[in-house]
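Structure first, then comments.
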Amino acid sequence: MGGTFDPVHHGHLVAASEVADSFQLDEVVFVPTGRPWQKSDYLVSDPEDRYLMTVIATAADERFTVSRVDLDRAGPTYTVDTLRDLHAAYDEQTDFFFITGADALGAILTWHQHDEVLKLAHLIGVTRPGHRLADPGLPDGSVTFVEVPALAISSTDCRVRVGRGSSIEYLVPHGVVEFIAKRGLYRNLS
Ligand code: ATP
Ligand code: MG
């Protein structure tokens, strides 16, 4: 499951847990995207902070791990590179599934080398409040749709809340709330 994870929240964790359960996955690897880039008017947080928040959020669940492949690779993050690096790190028999929310799934045809992405992993599209889970027009059998319990949480909303001094308790794991406060993240959003 790739993401900016700025910050990771319970929407991500519920989606990962539900997919792990329905597909009987041995492991869900959270892969924070690489170096900061400008996402509209907002500068993405330091990769190491996003990495640490993801580690904190997933630490207690033995099915969850965090990969540094996208953080340690220079240049922009492309899913095709993520999947190639993960394939290299696991044995040849491993089956790969790429978990993505309804919003990101809609953009998949714009992804760099998306045909190659489909060869490297089976896509799992999960529901997300406010976004319709529609077939993006990919080849038959390349995507499976999964309904996950709806959590209308987004990282954008969490950042806005912190910026205006509102609580994000219960939207993100408690350890992540504390880490955000300790590092002073999202206080001065421009
Ligand atoms: P931002 O608001 O900064 O875009 P986000 O909440 O969308 O953050 P991302 O890190 O962009 O989080 O998302 C990573 C992946 O998790 C994407 O595939 C996204 O669709 C999915 N996702 C995010 N939030 C939810 C949610 N509440 N329910 C289901 N899937 C989600
Ligand atoms: Mg997003």
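All values below were derived from every heavy atom in this structure, side-chain atoms included, with hydrogens, water molecules and symmetry-related copies excluded. Just so we're clear, the structure is a prediction, and the values are computed from it rather than from any experiment. Remember, it's 1-based here, ligands and their atoms both numbered in the order they're listed.
Shown are V172, V176, V177; of these, the side-chain contact (heavy atoms from CB on, under 4.5 Å) with M53 is made only by V176. With F23 as the partner, the ring pair (Phe, Tyr, Trp, His ring centres under 6.0 Å) test is satisfied by one option alone out of F96, F97, F98: F97.
Applying the 4.0 Å criterion to heavy atoms of G3 picks out, from ligand 1, the atoms 10 (O), 14 (C). The ligand atoms of ligand 1 that sit less than 4.0 angstrom from a heavy atom of T127 are 28 (N), 29 (C). Shown in contact with R159 at under 4.0 Å from a heavy atom are these atoms of ligand 1, numbered in order with element: 3 (O). Ligand-side atoms of ligand 1 in range of G2: 14 (C), 15 (C), range being under 4.0 angstrom from any heavy atom.
S166 contributes atom OG, which lies 9.0 Å from atom CG of D157 (distance to the nearest 0.5 angstrom). Atom CG in L109 sits 5.0 Å away from atom NE2 in H114 (nearest 0.5 Å).
In terms of N/O distances under 3.5 Å, ligand 1 is approached by T4. Backbone and side-chain nitrogen or oxygen atoms of I153 are examined, and one is located within less than 3.5 angstrom of a nitrogen or oxygen of ligand 1. Below 3.5 Å of separation, one finds no N or O of I99 facing any N or O of ligand 1. In terms of polar-atom proximity, defined here as any N/O pair under 3.5 Å, G101 does make such a contact with ligand 1. Residue contacts with ligand 1: V126 is placed with no nitrogen or oxygen under 3.5 Å of a nitrogen or oxygen of the ligand (distance criterion only).
Contacts with ligand 1 closer than 4.0 Å are made by no heavy atom of D157, backbone or side chain. The part of D103 lying near ligand 1 is the side chain, judged by heavy-atom distances below 4.0 Å.
A donor-acceptor contact shorter than 3.5 Å is absent between the side chain of R63 and the backbone of A20.
Using a non-hydrogen distance threshold of 4.0 Å, P129 does not register as a contact of ligand 1.
Around atom 7 (O) of ligand 1, the closest heavy atom drawn from M1, H10, R128 belongs to R128. Heavy-atom proximity to atom 2 (O) of ligand 1, evaluated over V19, V8, T156, is greatest for T156. Evaluated by nearest non-hydrogen atom to atom 8 (O) of ligand 1, the leading choice among A152, S155, A107 is S155.
Aromatic ring pairs are classed by plane angle as parallel below 30°, tilted from 30° to 60° and perpendicular above 60°; the pair F30 and F5 is tilted.
With hydrogens and angles left out, the side-chain atoms of D70 and T33 include no donor and acceptor closer than 3.5 Å. One side chain, E27 or Y90, offers a donor N or O that lies under 3.5 Å from an acceptor on the other.
Atom CG of D91 is surrounded by more than 12 heavy atoms from other residues, nucleotides or ligands within 6.0 Å. Applying the 6.0 Å contact sphere to CZ of R132 captures no more than 12 heavy atoms from other residues, nucleotides or ligands.
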